[in-house]
Engineer: 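This is the structure I want to talk about, given as structure tokens.
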Amino acid sequence: MAATAGSRQLVRHSWSPAYREAVGIQEDLRRRLVLTDRFHRPLRTVAGADLSYERRRNLLFAAVLVFSWPELRLLEIGEEVRPAAFPYIPGLLTFREGPAMTAILERLRHWPDLLVCDGQGIAHPRGLGLAAHLGVLFDLPTIGCAKSRLIGKYTMPGVAKGCRSPLVDDAGRRIGTVLRTRRDVKPVFVSPGHRVGLESAADLVLQLVSRYRLPEVTRLAHHHVNRLRLEHCPPAG
DNA sequence: GCGACAG
DNA sequence: ATCTTGTCGC
């Protein structure tokens with residue numbers, strides 16, 4: 001772990017650690033997490049990040065889309081295409097997706113006030129899912145909005161849009177919110193990343209939702225990486 | 001040993 | 001995440 005000058009990423013570490021080393025990195029970065037609302041300034045821009053994977057060529061297609069807040073006008077698209085250099089291991093997703101995401105963040109011209117990631121925030125075995133991890137590396141306010149559970153217990157929230165129930169860890173501490181973003185549709189799992197409180201994380205995600213299950217910023221990022229993949233890997237070959 | 005397991 | 005065919009509904 002080292003401090004860095006001349007870049008937005010304030011902390012650096014290996015992106016190809018052995019399992020035990022990766023766990024150590026997460027445990028270390030976890031101590032730097034800020035779990036209350038500490039935005040650098042009032043919200044003016046919000047970004048969404050997502051990634052697509054092409055098996056045959058082992059390629060990752062990542063994108064970060066920056067939008068104005070609250071109008072959600074698209075301001076910038078950051079992209080990165082590169083080989084996957086780390087396998088998917090539950091609990092170590094950041095080591096697979098992190099390199100592409102950090103490369104994009106380093107190049108953005110519009111630095112977002114908030115980043116929403118497709119994955120967990122603190123709802124993670126060591127309290128440092130993808131969103132929390134990226135937040136600490138850049139001291140960037142982040143929220144994790146995952147489509148399924150990694151850890152934690154919960155009761156299913158009501159079927160109406162906006163219904164929520166707490167996500168709780170084994171020690172009984174609250175780690176996130178199971179949020180119904182659309183009537184009768186499977187809820188999302190929201191947890192704070194960095195510099196955002198538990199309640200605010202769910203509130204913000206709900207504000208970012210329109211008529212679909214996922215918040216607009218990650219939904220559009222998802223669309224974008226799929227387009228990006230099709231450009232590089234046309235259906236036929 | 002078994003079950004669980006973001007993307 | 002991807003792969004993969006059909007199916008159901010607005």
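To find a chain, count down the sequence lines: A is the first, B the second, and so on, and within it residues start at 1.
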Engineer: So, are A:Asp139 and A:Arg195 salt-bridged, with charged N and O less than 4.0 Å apart?
Structural biologist: yes
Engineer: When you measure from the side chain of A:Ser52 to the backbone N and O of A:Phe61, does any donor-acceptor pair fall under 3.5 Å?
Structural biologist: no
Engineer: DNA chain C in dot-bracket, Watson-Crick or G-U pairs under 3.5 Å, [ ] crossing, | other strand?
Structural biologist: ..........
Engineer: Hey, can you tell me if A:Phe95 and A:Phe86 have their rings parallel, tilted or perpendicular (30° and 60° cut-offs)?
Structural biologist: tilted
Engineer: With the sugar-phosphate defined as primed atoms, P, OP1 and OP2, and the base as all remaining atoms, what B/S/- string results for nucleotides 1-7 of chain B, 5' to 3', for protein heavy atoms under 4.0 Å?
Structural biologist: ---SBBB
Engineer: Among A:Glu76, A:Glu80, A:Glu79, which residue meets the salt bridge (Lys or Arg N to Asp or Glu O under 4.0 Å) test with A:Arg107?
Structural biologist: A:Glu80
Engineer: Does any N or O in the side chain of A:Arg213 come within less than 3.5 Å of the main-chain N or O of A:Pro187, such that one atom is a donor and the other an acceptor?
Structural biologist: yes
Engineer: Tell me if a side-chain donor or acceptor on A:Thr218 pairs with a main-chain N or O of A:Gly48 at a distance below 3.5 Å.
Structural biologist: no
Engineer: Is there a side-chain contact between A:Gln120 and A:Leu150 in this structure, where contact means two heavy atoms from C-beta onward sitting under 4.5 Å apart?
Structural biologist: yes
Engineer: Can we call the ring centroids of A:Phe189 and A:Tyr154 under 6.0 Å apart?
Structural biologist: yes
Engineer: Which ones in residues 166-191 of chain A lie close to DNA chain B, meaning a heavy atom under 4.0 Å from one of its atoms?
Structural biologist: none
Engineer: Can you tell me if A:Ser200 uses its side chain to pair, donor with acceptor, with the backbone of A:Gly197 under 3.5 Å?
Structural biologist: no
Engineer: To the nearest Å, how far apart are A:Leu228 CG and C:dA1 P?
Structural biologist: 15 Å
Engineer: Looking at A:Glu199 and A:Arg164, is any side-chain nitrogen of the basic one under 4.0 Å from a carboxylate oxygen of the acidic one?
Structural biologist: yes
Engineer: Among residues two or more places apart or on two chains, list those pairs meeting side-chain hydrogen bond (donor to acceptor under 3.5 Å, both in side chains) that have a residue in residues 61-72 of chain A.
Structural biologist: A:Ser68-A:Glu71
Engineer: For the pair A:Arg174 (side chain) and A:Gly176 (backbone), establish whether a donor and an acceptor sit closer than 3.5 Å, ignoring hydrogens and angles.
Structural biologist: yes
Engineer: Treating A:His124 as the side-chain partner and A:Gly91 as the backbone partner, does any N or O pair qualify as donor plus acceptor under 3.5 Å?
Structural biologist: yes
Engineer: Is it true that A:Arg30 and A:Glu27 make a salt bridge, defined as a side-chain N closer than 4.0 Å to a carboxylate O?
Structural biologist: no
Engineer: Over all strands shown, is A:Arg229 touching base, sugar-phosphate only, or nothing at heavy-atom distances under 4.0 angstrom?
Structural biologist: sugar-phosphate
Engineer: Based on Watson-Crick and G-U pairs with both distances under 3.5 Å, what dot-bracket line describes DNA chain B 5' to 3', crossing pairs as [ ] and inter-strand pairs as |?
Structural biologist: .......
Engineer: Across nucleotides 5-10 of chain C, 5' to 3', mark each nucleotide with B, S or - according to how protein heavy atoms within less than 4.0 Å reach it.
Structural biologist: ------
Engineer: Indicate yes or no for a side-chain donor-acceptor contact from A:Arg182 to the backbone of A:Tyr212 under 3.5 Å, with no hydrogens or angles considered.
Structural biologist: no
